[in-house]
Number of protein chains: 2
Amino acid sequence: MKLTTKGRYAVMALADIAKFDRNSPISLRDISLRQGISLLYLEQIFSKLRKNEIVKSVRGSSGGYILTKNPEQIKLSNIFSAVDEKVKTVNCKKESKKGCNGKSSKCITHNLWDELELHINDFFNKKNLGDLVKGKNENTI
Amino acid sequence: MKLTTKGRYAVMALADIAKFDRNSPISLRDISLRQGISLLYLEQIFSKLRKNEIVKSVRGSSGGYILTKNPEQIKLSNIFSAVDEKVKTVNCKKESKKGCNGKSSKCITHNLWDELELHINDFFNKKNLGDLVKGKNENTI
DNA sequence: GTTAAACTTGACTATTTTAGTAAGGTATAT
DNA sequence: ATATACCTTACTAAAATAGTCAAGTTTAAC
């Protein structure tokens with residue numbers, strides 16, 4: 001069970017932006033250098049973030065990306081869903097008519113995984129970008 | 001972010017055993033049939049569970065596996081660590097001397113992922129096999 | 001108006017992980 | 001004896017991940 005880099009990088013990059021003034025756009029090149037993430041990969045990620053209105057882009061030279069809202073208003077769950085990072089514990093939900101393993105009832109651990117998903121999503125719903133940059137003067141990049 | 005089948009199957013199989021009398025061994029063949037898990041795959045999983053003393057084996061015909069403890073004493077975290085299912089959110093912990101991305105300080109989201117890991121592990125520490133089989137007369141396999 | 005920095009898009013690919021399968025053992029209750 | 005059950009090692013197809021590559025378009029600034 002692990003987090004993919006897509007979700008991690010998205011959060012890292014947005015936290016990077018959040019550390020700066022909201023009005024001037026931050027270029028992906030700068031983020032790439034500061035965070036050590038491939039520029040081309042960042043472009044993929046930001047394409048999704050823009051489509052999901054987490055950021056807006058400013059084109060042209062000295063362009064870049066700006067957060068659409070205050071960091072406090074951007075929940076981590078919003079970011080993860082934007083880049084298709086999902087918490088997935090069971091694959092027995094689709095065939096809701098027939099139950100989990102093709103049998104007529106739910107598998108014995110079904111409720112457990114549901115609870116786990118809720119537990120994790122709860123965490124992501126409670127955390128926002130603002131929480132991450134509060135200690136921005138500390139020993140963090 | 002998802003759970004692998006190894007962890008899921010281990011919990012399912014152990015919950016299956018927990019539903020029965022503790023004294024008579026349950027064969028993998030029966031579990032395989034009831035839970036719809038490949039017998040050969042179950043053997044791999046139970047090999048690890050046995051080495052980690054979650055179950056003990058009884059050989060010979062009408063043999064099988066028995067839980068080493070009461071279901072209430074077997075935490076899900078024990079099961080997951082036995083089958084190498086780990087919660088992994090960051091890969092920036094090994095090089096503790098140099099920081100996360102080879103730089104001298106921690107990455108901006110480092111603490112976040114630590115918190116998440118704790119949050120999830122907390123869940124697995126609180127749940128035990130007994131919790132799963134309590135409602136064993138309900139509509140579950 | 002040119003230019004260069006920056007974003008946009010779509011296709012492609014190597015590596016790794018997952019989810020098993022296959023084959024051939026060994027132990028033991030009946 | 002022998003069938004049932006566990007044990008071990010090796011192998012592999014498929015999927016997901018983590019990017020790269022190439023060829024654009026847009027626009028601020030000079």
Side-chain angles (χ1 to χ4, degrees), chain A residues 1-13 17 23-33 35-66 68 80 83-92 101, chain B residues 1-13 17 23-33 35-66 68 80 83-92 101:
Chain A
M1 183 170 201
K2 67 176 190 190
L3 214 58
T4 65
T5 56
K6 219 155 213 163
R8 278 205 298 125
Y9 288 172
V11 175
M12 286 171 73
I17 293 178
N23 299 315
S24 58
I26 310 291
S27 75
L28 292 189
R29 188 171 165 279
D30 287 353
I31 297 174
S32 168
L33 291 173
Q35 304 297 333
I37 303 168
S38 145
L39 176 60
L40 287 155
Y41 202 26
L42 274 178
E43 286 179 352
Q44 272 184 48
I45 292 167
F46 271 76
S47 167
K48 295 189 182 207
L49 292 174
R50 192 181 55 84
K51 278 172 194 150
N52 286 274
E53 294 174 5
I54 308 287
V55 293
K56 56 188 169 194
S57 63
V58 177
R59 300 190 147 208
S61 66
S62 79
Y65 286 97
I66 309 179
T68 53
F80 282 132
V83 297
D84 301 316
E85 175 89 57
K86 340 189 196 313
V87 176
K88 191 159 164 20
T89 53
V90 272
N91 49 6
C92 48
N101 9 24
Chain B
M1 181 170 203
K2 66 175 192 193
L3 213 59
T4 65
T5 56
K6 220 157 211 161
R8 278 205 298 123
Y9 287 172
V11 176
M12 286 171 73
I17 293 178
N23 299 316
S24 56
I26 310 290
S27 75
L28 291 189
R29 186 169 166 280
D30 287 352
I31 297 174
S32 168
L33 291 173
Q35 304 297 333
I37 304 168
S38 144
L39 177 61
L40 287 155
Y41 202 25
L42 274 178
E43 286 180 355
Q44 274 184 46
I45 293 168
F46 271 77
S47 166
K48 297 189 180 205
L49 292 175
R50 192 181 57 84
K51 279 172 193 150
N52 286 275
E53 295 175 4
I54 307 287
V55 292
K56 56 188 168 192
S57 63
V58 177
R59 299 189 148 207
S61 65
S62 77
Y65 287 98
I66 308 178
T68 53
F80 282 132
V83 296
D84 302 317
E85 174 90 58
K86 342 188 194 311
V87 177
K88 191 159 165 18
T89 54
V90 274
N91 48 6
C92 49
N101 10 24

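First the proteins, then the strands, lettered A, B, ... as listed; each starts at 1. Computed from a predicted model, the values in this text were never measured in an experiment.
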Taking [atom1] from [X] and [atom2] from [N], how many angstroms apart are they, rounded to a whole number?
X: Leu40(A); N: dA23(D); atom1: CG; atom2: C1'; value: 12 Å
X: Ile31(A); N: dC7(C); atom1: CD1; atom2: P; value: 8 Å
X: Leu39(B); N: dG20(C); atom1: CG; atom2: P; value: 13 Å
X: Ile37(A); N: dG19(D); atom1: CD1; atom2: P; value: 9 Å
X: Lys56(B); N: dA5(D); atom1: NZ; atom2: C1'; value: 18 Å
X: Arg8(A); N: dG19(D); atom1: CZ; atom2: C1'; value: 14 Å
X: Glu85(B); N: dT17(C); atom1: CD; atom2: P; value: 14 Å
X: Arg59(A); N: dT27(D); atom1: CZ; atom2: C1'; value: 8 Å

| query | Mind checking what makes side-chain hydrogen bond (donor to acceptor under 3.5 Å, both in side chains) contact with Thr68(B), not counting sequence neighbours? | reply |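 Not a single residue meets the side-chain hydrogen bond (donor to acceptor under 3.5 Å, both in side chains) criterion with Thr68(B).
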
| request: Within residues 44-52 of chain B, find the residues that approach DNA chain C with a heavy atom at under 4.0 Å, and present them sorted by residue number. | output: Gln44(B)

Let's see if you can work this out: which of [options] has an atom nearest to the side-chain heavy atoms of [X]?
X: Ser61(B); options: dA29(C), dC7(D), dC7(C); value: dA29(C)
X: Ser57(A); options: dC6(D), dT8(C), dA23(C); value: dT8(C)
X: Ser38(B); options: dC21(D), dG20(C), dT26(D); value: dG20(C)
X: Arg29(B); options: dA5(D), dA19(C), dC21(D); value: dA5(D)
X: Tyr65(A); options: dT26(C), dA6(C), dC7(C); value: dC7(C)

| query | If you take all heavy atoms of Leu39(B) and Arg29(B), which pair is closest and at what distance? | reply | CD1-N, 3.8 Å

| message | Looking at every heavy atom in both Pro25(A) and Ile66(A), which two are closest together, and how far apart are they? | response |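 Minimum heavy-atom separation between Pro25(A) and Ile66(A): CA-CG1, 3.8 Å.
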
| query | Between Asp30(B) (side chain) and Ile26(B) (backbone), is there a donor-acceptor pair under 3.5 Å? | reply | no

| query | Counting only N and O atoms by type, is there a donor-acceptor contact under 3.5 Å from the side chain of Glu85(B) to the main-chain atoms of Phe80(B)? | reply |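 No, because the side chain of Glu85(B) does not come within donor-acceptor range (under 3.5 Å) of the backbone of Phe80(B).
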
| said: On DNA chain D, does the nearest nucleotide to Tyr9(A) precede the nearest nucleotide to Ser62(A) from the 5' side, or the other way round? Give the residue. | reply: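 Mapping each residue to its closest nucleotide by heavy atoms, the 5'-most match is Tyr9(A).
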
| Closer to the 5' end of DNA chain D via nearest nucleotide, is it Gly60(A) or Lys6(A)? |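 Whichever sits nearer the 5' end wins; that is Lys6(A).
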
| field | Exercise: do Tyr41(B) and Ser32(B) side chains pair donor with acceptor under 3.5 Å | value |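 There is no such pair between these side chains.
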
| query | What is the distance from atom CG of Leu28(A) to atom CD1 of Ile37(A), rounded to the nearest 0.5 Å? | reply |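 So the gap between those two atoms works out to 10.0 Å.
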
| query | When rounded to the nearest 0.5 angstrom, what is the spacing between CD1 in Ile31(B) and CZ in Phe46(B)? | reply |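 Going from CD1 on Ile31(B) over to CZ on Phe46(B), the span is 4.0 Å.
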
| query | Has Tyr41(B) got a side-chain N or O lying under 4.0 Å from the OP1 or OP2 atom of dT18(C)? | reply | no

| said: Quick check on dT17(C): is either OP1 or OP2 less than 4.0 Å from any side-chain nitrogen or oxygen of Thr4(B)? | reply: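 Answer is no, no contact under 4.0 Å.
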
| message | If you assign each of Ser27(A) and Lys2(A) to its closest nucleotide in DNA chain C, which residue comes earlier from the 5' end? | response |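 The 5'-side residue here is Ser27(A).
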
| Base dC7(D) paired with Glu43(B) side chain (donor-acceptor, <3.5 Å) |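 Check passes, donor-acceptor contact within cut-off.
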
